[in-house]
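The block underneath contains the structure these notes are about, expressed in structure tokens.
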2 protein chains.
Amino acid sequence: MTAPGADQPQPLPLSVDRTSPVPLYFQLAQQLEAAVEQGRLAPGTLLGNEIELAARLGLSRPTVRQAIQSLVDKGLMVRRRGVGTQVVHSQVRRPLELSSLYEDLEAAGQRPATKVLRITMEPATAEIAAALGVAEGTEVHLVERLRYAHDEPMALLRNHLPPDLLALTAQELESTGLYRLMRASGITLHSARQSVGARTATAGEGRALDEEPGAPLLTMERTTYDDTGRAVEFGSHVYRASRYKFDFQLLVR
Amino acid sequence: MTAPGADQPQPLPLSVDRTSPVPLYFQLAQQLEAAVEQGRLAPGTLLGNEIELAARLGLSRPTVRQAIQSLVDKGLMVRRRGVGTQVVHSQVRRPLELSSLYEDLEAAGQRPATKVLRITMEPATAEIAAALGVAEGTEVHLVERLRYAHDEPMALLRNHLPPDLLALTAQELESTGLYRLMRASGITLHSARQSVGARTATAGEGRALDEEPGAPLLTMERTTYDDTGRAVEFGSHVYRASRYKFDFQLLVR
DNA sequence: GCCATGGCTTTGTCCGGACAATCGAACTAG
DNA sequence: CTAGTTCGATTGTCCGGACAAAGCCATGGC
């Protein structure tokens, strides 16, 4: 084998900027990811060995490995000892982020809108107190919203939040999503426990969502935690099954 | 601050075996994970700085960092520059693995059982051909199964598989899950695209699942890919909403 | 023709060190 | 007493090197 990079006639224009504050491994990872995204690195392509790649870029092997590893973690590439690193074939997109419905709709160009139905304080029931980690009967925020996409009702959202966390106004809630408000006020979202099920609509839900009573609904309950382990939100939502599906990608651990 | 390990009076018994073929970073990660699991490392505990930890174990800092990083990736710990690494509070369990229903039920001690309803070859419809990446009309495997837990019907599973992948027998399918059979025959599962929705039961589904027609059902469609990017399975499943929920944890990227 | 062996390539693991960036707390000046 | 500053602690990034383990292929023996 004379030409090691025989798989890619044009060796792919890669470069790093050492004056940038962006870490070198991250710069490289971004360029590789973009190349995969744009098809400049075809699925199945061998990436060429790490040592040579490092030499070509003037980087050390650990730095190059760190970049490649981050792409492997994202599911974009596969490494095989003795073989090399190759771009994975399938259409991997995003492995289920912790995103709000609002952001999902916005990203899909669905013109999301929100109508705030209620925004009060209420004593926590046993279930909600347990989810939020507060004493039963503690006054907690309650927000009830109706979410629209293209002017059609999509979902009925009920959220409970612990007190002293955030000041919520109807105006803010109608112009953006709850998670964005939380992040903006300095809360670092970390993880969430979700439960997705189905049931039929009550009469009230039917009216709100423009469905017949007895129509199938998708339900989701979610407790979200910040990076200190504190529960920051408990949501109990129903979606119109005729208009909404959870769509996501997952990777093998 | 005189005692750097003031957070943990007993410095936690950690040790590595250099004669073992198990990587050192992995040994350390396992021990730390076990300590978190068993509560010997309380939530919020500072882990003590990496350099000292490395010295104590006779390891280098990169090795210790690799161990800790793997736990951070799992969501068990949080690192903060200038502060340290601490055990996260919340009850993180598993961030949604690519697991089969069979394995989930088995792990939960639910006595799963399977009844194979059909196992044939069929020409692929347009939808199935697209999902599996074969030509429309190609003969593909079709497997229909009824899954029980505690002798109660739980879900109706329809799977399509490309030809020349696997030899399926009803006997094997009744004694274990499909994914386990795939793994056993050398297929490396890599990722899957899922879509979860809801609808009402047809008369036939009602009979099979012991539900009224019109009862709410959870639906899931899933296309699974191996590490070469080849689609290895397309599943179209319905679950009894009265008996089943998707329950999972997710982490912020 | 077939199988085992050995060598080559490539990634996996590990080391020891260096400096930068960030956080929190103690300290100092007003 | 308060606000700004400095400083120590800790993780983040990066380097260069070394050897081990695994996969692939060609060679050679049967």
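Naming convention: chains lettered A, B, ... in sequence-line order (proteins, then strands); numbering from 1 in each chain.
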Original post:
Is the distance from OP1 or OP2 of D/dT11 to the nearest side-chain N or O of B/T85 less than 4.0 Å?
Top reply: yes
**OP:** To the nearest Å, give me how far apart CE (A/M77) and P (C/dG12) are.
**Re:** 13 Å
**OP:** Enter the distance from A/L57:CG to A/L24:CG here, rounded to the nearest 0.5 Å.
**Re:** 9.5 Å
Subject >> A/P162 to A/A231 - nearest heavy-atom pair and separation >> reply: CG-O, 3.6 Å
Original post:
Is B/R61 side chain donor-acceptor paired with the D/dG12 base, going by distance under 3.5 Å alone?
Top reply: yes
Original post:
Start at the 5' end of DNA chain D and walk down; is the nucleotide closest to A/R80 or to A/L24 reached first?
Top reply: A/L24
Original post:
How about A/D226 and A/T188: does a side-chain donor come under 3.5 Å of a side-chain acceptor?
Top reply: no
Subject >> Nucleotide nearest A/I51 (side chain, heavy atoms from C-beta), chosen from C/dT11, C/dT13, D/dT13 >> reply: C/dT11
Original post:
Considering only D/dC15, C/dT22, C/dT13, which nucleotide approaches the side chain of A/R18 most closely?
Top reply: D/dC15
Subject >> Atom pair distance, as rounded to whole Å: CG in A/L53 and P in D/dC15 >> reply: 12 Å
Subject >> Whole angstrom value for the distance that separates P of D/dT11 from CG of B/L71 >> reply: 14 Å
**OP:** Would you indicate which nucleotide in C/dG16, C/dA21, D/dC14 comes nearest to any side-chain atom of A/S60?
**Re:** D/dC14
Subject >> d(CD, B/Q66; C1', D/dT13) in whole Å >> reply: 15 Å
Original post:
With a 4.5 Å limit on heavy-atom distance, are the side chains of A/P43 and A/V88 in contact?
Top reply: no
**OP:** Let me know the distance between CG of B/N49 and C1' of C/dC23, rounded to the nearest Å.
**Re:** 15 Å
**OP:** Assign A/P62 to base, sugar-phosphate, or nothing according to its heavy-atom contacts below 4.0 angstrom with the strands shown.
**Re:** base
Original post:
Could you give the CD-to-P distance, from B/E52 to D/dT10, as a whole number of Å?
Top reply: 8 Å
Original post:
Which comes earlier along DNA chain D counting from the 5' end, the contact point of B/V83 or that of A/V22, where each point is its nearest nucleotide?
Top reply: B/V83
**OP:** Starting from the 5' end of DNA chain C, give me the residue, A/E50 or B/G58, whose nearest nucleotide shows up first.
**Re:** A/E50
Subject >> For atom CD of B/Q86 and atom P of C/dG24, their distance in whole Å >> reply: 10 Å
Original post:
Side chains of B/Q69 and B/R79: donor-acceptor distance under 3.5 Å anywhere?
Top reply: yes
Subject >> side-chain N/O A/Y25 vs D/dC14 OP1/OP2, d < 4.0 Å >> reply: no
Subject >> Gap between atoms CZ and C1', on B/R79 and D/dT13 respectively (whole Å) >> reply: 12 Å
Original post:
If you check the A/R65 side chain, which of C/dG12, C/dT10, D/dT13 turns out closest?
Top reply: C/dG12
